[in-house]
Amino acid sequence: MTLEELDKKYVLQTYARDYTNFTHGIGSTLYDENGKDYIDFASGIGVNSVGHGNEKLANAICEQAKKIIHISNLQVIEPQANLAQKISELYNEDVGVFFSNSGAEANEGAIKLARKYGEVKFDKKRYKIITLENSFHGRTLATVKATGQDSFHPSCFAPYIEGFMCAQNLKDVENIIDDETVAVMIELIKGEGGVAALGHEEVTHLAKVLKEKGILLIVDEVQTGIYRSGEFLASQVYGIKPDIITLAKGLGGGVPIGAVVTPHKDIFIAGDHGSTFGGNYLSTAAGNATLDILENTKKSGELDETLTYFEEKLQEVLASNQDKFDAITGIGLMRGLKAKNSDIQTKTIKAAMKEGVIVLKSGNNTVRFLPSLTITKDEINEGFARLNKALVTL
Ligand SMILES: *Cc1c(COP(=O)(O)O)cnc(C)c1O
């Protein structure tokens with residue numbers, strides 16, 4: 001049986017998969033079973049924040065694996081406490097952290113926290129959460145309902161969790177708020193919805209309005225967090241202090257981990273929420289190593305140089321392909337090239353793969369770039385050379 005046949009026979013076919021068989025990677029270069037190399041501008045959908053084969057991360061994982069991989073959350077876990085402290089220090093706010101295993105699970109935690117807040121902080125219980133059209137918050141029954149795209153909650157999976165309201169944009173949020181609204185959940189840059197960044201002023205205005213009304217602001221930073229925007233959190237780029245922030249993708253450098261971060265430390269009490277695996281020794285050791293690497297990348301000025309250089313390269317692509325693309329979207333190393341139509345989007349991604357550079361789709365017309373945050377200038381040059389070659393073939 002070929003690998004493709006094996007996969008099709010034994011793995012439930014929930015993904016429209018590409019069957020390139022990658023065997024190893026170093027930095028932002030991946031190699032398939034035939035030895036062909038690819039520049040990775042996708043980093044596993046923004047997960048491999050420190051690249052492939054990172055020695056420091058690999059060593060931290062190996063060292064930890066030899067000592068203790070897992071002990072339940074009924075025991076204190078030293079690397080977990082250290083990682084929570086690190087998140088608080090990098091954010092520079094007095095926050096508490098709950099660890100989960102994924103982004104959707106972090107958002108579930110945020111939703112539970114908000115609903116309990118709505119019970120204990122108001123005379124009449126508040127439970128409704130407003131989210132935005134074209135958002136993406138995960139694949140569990142609550143988070144697909146929170147996701148503001150009808151295609152994510154078809155009738156076959158009904159009934160869904162109640163209490164989610166969808167606003168068309170930030171202005172519309174204010175019209176939808178009622179006396180049962182407890183929170184508004186947003187992505188500052190819509191990862192799956194076209195890499196569209198929200199406007200600075202609109203966001204700060206909304207944050208102010210919500211504060212006045214006592215409604216929680218939840219920012220889903222599963223994709224935008226962990227230096228993706230150029231700062232540790234995209235919330236810092238926007239100068240806002242949300243009531244709840246969720247993290248996941250880049251936090252463990254590839255090891256599954258998620259986090260709920262909040263200054264409201266007194267809402268959850270023992271027994272309210274939990275996870276068997278969440279924040280175990282292995283994933284938090286990986287998180288600590290990942291944040292150490294990225295903190296240095298930021299402090300040394302390398303990250304800022306990389307973002308500037310990457311943007312310059314994208315501008316060149318846009319300038320020489322005016323017939324195919326309309327605009328560059330996003331912030332930092334979370335970028336989109338908005339294509340004229342979905343056909344150009346699909347063909348670009350396919351042709352790029354053939355030339356040996358991996359890019360992603362976002363929404364129905366955007367080509368998405370989520371390179372590793374430690375990508376080198378040479379890798380960027382090579383990736384864009386291949387992309388330009390691919391675009392000529394369209
Ligand atoms: C990826 C993503 C999620 C879901 O994370 P999983 O780890 O796949 O559960 C949620 N929100 C945003 C913004 C994401 O990008």
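Just follow the structure's listing: the first ligand is 1, and inside any ligand the first atom is 1. Throughout, residue positions are numbered sequentially from 1 according to the sequence presented. Source: prediction; values computed, not measured.
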Checklist entry - How about Tyr38 and Phe22: are their ring centres within less than 6.0 Å of each other? => result yes

Item to check | Heteroatom proximity flag, Asp220 to ligand 1, N/O under 3.5 Å | outcome: yes

Item to check | Check against side-chain hydrogen bond (donor to acceptor under 3.5 Å, both in side chains), Thr20 and Asp18 | outcome: CA-CA 6 Å; Thr20 310; Asp18 172 88; 2.6 Å; yes

Next on the checklist: Run the salt bridge (charged side-chain N to carboxylate O under 4.0 Å, His left out) test on Glu162 and Lys128 for me, step by step, so that the C-alpha distance in whole Å, both residues' side-chain angles and the decisive distance to 0.1 Å come before the verdict.
Outcome noted: CA-CA 8 Å; Glu162 281 175 45; Lys128 287 182 189 162; over 6 Å; no

Checklist entry - Tyr117 and Gly214: which non-hydrogen atoms are nearest, and at how many Å? => result CE2-O, 4.1 Å

Item to check | Val222 N/O under 3.5 Å from ligand 1 N/O | outcome: no

Checklist entry - Side chain, backbone, both or neither: which part of Lys249 comes within less than 4.0 Å of ligand 1 when only heavy atoms are counted? => result side chain

Checklist entry - Does ligand 1 have an atom that lies less than 4.0 angstrom from a heavy atom of Gly191? => result no

Next on the checklist: When you compare ligand 1 with Gln223, is there at least one nitrogen or oxygen pair between them that comes in under 3.5 angstrom?
Outcome noted: yes

Checklist entry - ligand 1 versus Ala248, non-hydrogen atoms closer than 4.0 Å: side chain, backbone, both, neither? => result neither

Checklist outcome for this item: For atom 9 (O) of ligand 1, the closest protein heavy atom turns out to be Ala104 N, 2.7 Å

Next on the checklist: Please check: side-chain N/O of Thr143 versus main-chain N/O of Arg139, any donor-acceptor pairing under 3.5 Å?
Outcome noted: yes

Item to check | Region of Asn107 that comes within reach of ligand 1 [heavy atoms, distance under 4.0 Å] | outcome: side chain

Next on the checklist: Show me which atoms of ligand 1 lie under 4.0 Å from any heavy atom of His137.
Outcome noted: 10 (C), 11 (N)

Item to check | With Tyr281 via ring-ring contact (aromatic ring centres under 6.0 Å, His included) - residues at least two apart | outcome: none

Next on the checklist: As a quick check of understanding, evaluate side-chain hydrogen bond (donor to acceptor under 3.5 Å, both in side chains) for Thr224 and Glu221, giving each step before the final call.
Outcome noted: CA-CA 5 Å; Thr224 58; Glu221 293 228 33; 2.9 Å; yes

Item to check | Per-residue contact class, Glu187 against ligand 1 - non-hydrogen pairs under 4.0 Å | outcome: side chain

Next on the checklist: Counting the benzene-type ring for Trp, do Phe384 and Tyr309 have ring centres under 6.0 Å apart?
Outcome noted: no

Next on the checklist: Is there a polar contact between ligand 1 and Gly103, counting only N or O atoms under 3.5 Å apart?
Outcome noted: yes

Item to check | Interfacing atoms of ligand 1 (cut-off 4.0 Å, heavy-atom, Ser102) | outcome: 7 (O), 9 (O)

